[in-house]
Amino acid sequence: MLTATLTSPEATGAFARLLAARLAAPALVTLRGELGTGKTTLVRDLLRTLGVEGVVASPSFTLAQSYDGHGGLRLHHVDLYRLGPGADAALFAWEDYLDGASLTFVEWPEAGAAELPPADIDVVLRHRTPLSRDLELRAAPAIEKTLADAMIAAGIDDVAATA
Ligand SMILES: Nc1ncnc2c1ncn2[C@@H]1O[C@H](COP(=O)(O)OP(=O)(O)OP(=O)(O)O)[C@@H](O)[C@H]1O
Ligand SMILES: [Mg+2]
């Protein structure tokens, strides 16, 4: 597990750029954490880094939005909040979101837990102060290690990688 403190929205943006550089299709990234912890903010930063120009709308009401990114990437932003606990996420054709050209970011994956395959990267955000968030990230150990090194080099606070 990798932990850090994201002390401002700018720090979250810096983290997004480092994480985006380590994502290769196909990948599923889940984002967990209470309302307002910055899941959508982080996904927006990721999508912009990956080549999405213009407005990135929150998919709270549409459940999913797809975009074209750099290098033929298909980028999917899914928000299952409105499905609610125990909802039937089987209505989602997950295989369409997890093909070889796709990176898929899912907020509130709890609502689709039964159908979602295991995440390649799982992010948990928690409120610390109004402008600061605690980050927990779970990924393959090699990714956690290189990402932690890059985060330390970028000056992100309290970075630690633990087995
Ligand atoms: N360090 C930080 N990182 C990210 N966002 C931050 C930070 N500090 C403050 N914020 C603010 O917190 C808010 C987070 O809202 P956001 O919509 O991203 O949360 P969310 O986790 O997606 O919520 P929801 O569960 O409702 O979808 C934004 O207004 C953002 O500017
Ligand atoms: Mg959100």
Side-chain angles (χ1 to χ4, degrees), residues 1-4 6 9 12-125 133 135-151 154 161:
M1 183 168 74
L2 187 171
T3 55
L6 303 171
T12 297
F15 164 67
R17 287 187 286 280
L18 299 173
L19 177 58
R22 287 162 182 78
L23 296 176
L28 172 64
V29 180
T30 50
L31 301 111
R32 299 184 286 135
E34 290 169 20
L35 291 171
T37 45
K39 301 179 294 297
T40 300
T41 300
L42 175 57
V43 174
R44 282 197 179 120
D45 289 339
L46 286 162
L47 292 174
R48 293 217 175 91
T49 300
L50 293 163
V52 178
E53 285 166 18
V55 179
V56 174
S58 175
S60 297
F61 293 96
T62 53
L63 293 181
Q65 305 263 359
S66 297
Y67 306 89
D68 290 314
H70 291 311
L73 271 180
R74 286 293 290 163
L75 303 167
H76 309 283
H77 183 186
V78 180
D79 184 343
L80 299 179
Y81 182 70
R82 287 204 327 143
L83 283 186
D88 187 9
L91 60 91
F92 259 84
W94 288 111
E95 60 278 11
D96 294 346
Y97 289 89
L98 302 168
D99 66 26
S102 289
L103 299 178
T104 299
F105 305 97
V106 181
E107 295 184 52
W108 295 99
E110 297 90 334
E115 287 81 19
L116 267 177
D120 299 288
I121 300 195
D122 179 52
V123 172
V124 181
L125 294 170
R133 303 291 186 263
L135 167 75
E136 260 180 37
L137 179 147
R138 292 175 184 78
I143 291 182
E144 289 182 4
K145 176 77 176 87
T146 60
L147 184 56
D149 289 346
M151 289 167 69

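Fair warning: this is a prediction, and the values are worked out from it, not measured in the lab. Quick note: residue numbers are just sequence positions, from 1.
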note = Tightest non-hydrogen contact, residues Asp99 and Asp96, listed as OD2-O, 3.7 Å
ask   = Would Asp68 and Arg74 satisfy side-chain contact (heavy atoms from CB on, under 4.5 Å), going step by step from the backbone distance to the final call?
value = CA-CA 5 Å; Asp68 290 314; Arg74 286 293 290 163; 2.7 Å; yes
ask   = Are any non-hydrogen side-chain atoms of Tyr67 and Val56 less than 4.5 angstrom apart?
value = yes
message = When you measure from the side chain of Lys39 to the backbone of Val106, do you find a donor-acceptor pair of N or O atoms at a distance under 3.5 Å?
response = no
key: Ile121 side chain near Leu23 side chain, heavy-atom distance below 4.5 Å   = yes
key: Spacing of CG belonging to Leu135 relative to CG belonging to Leu19, to within rounding of 0.5 Å   = 9.0 Å
inquiry  = Would you compute the distance between atom CG of Leu2 and atom CD1 of Ile143 and round it to the nearest 0.5 angstrom?
reply    = 11.0 Å
request  = Check Leu83 against Ala111 and note the closest heavy-atom contact, atom names and distance.
outcome  = CB-CB, 4.0 Å
ask   = How about Asp122 and Leu137: do any of their side-chain heavy atoms sit closer than 4.5 Å?
value = no
inquiry  = Nearest 0.5 angstrom please: Tyr97 OH to Leu28 CG, how far?
reply    = 12.5 Å
ask   = What are the two closest non-hydrogen atoms of Ala27 and Ala24, and how far apart are they?
value = CB-O, 3.5 Å
key: Heavy atoms of other groups near Glu95 CD, more than 12 under 6.0 Å   = yes
query = How long is the gap from CG on Leu63 to CD on Glu107, to the nearest 0.5 Å?
reply = 11.5 Å
query = How about Val43 and Asp79: do any of their side-chain heavy atoms sit closer than 4.5 Å?
reply = no
key: Side-chain heavy atoms of Arg138 within contact of Val124, under 4.5 Å   = yes
Polar side-chain atom of Thr30 near backbone of Ala119 as donor-acceptor pair, under 3.5 Å = no
query = Which heavy atom of Glu144 sits nearest a heavy atom of Met1, and at what distance?
reply = OE1-N, 2.9 Å
key: Nearest heavy atoms of Arg133 and Gly38, plus distance in Å   = NE-N, 4.5 Å
key: Residues His77, Thr40; criterion side-chain contact (heavy atoms from CB on, under 4.5 Å); working and verdict   = CA-CA 9 Å; His77 183 186; Thr40 300; 4.2 Å; yes
Nearest heavy-atom neighbours spanning Arg48 and Gly54 = NE-O, 4.1 Å
query = Under 4.5 Å between any side-chain heavy atoms of Phe15 and Leu147, yes or no?
reply = yes
Donor-acceptor pair, side chain of Ser102 and main chain of Leu98, under 3.5 angstrom = no
message = Tell me whether the rings of Tyr81 and Trp108 are parallel (<30°), tilted (30 to 60°) or perpendicular (>60°).
response = tilted
key: Side chain to side chain, Leu103 and Val29, heavy atoms closer than 4.5 Å   = no
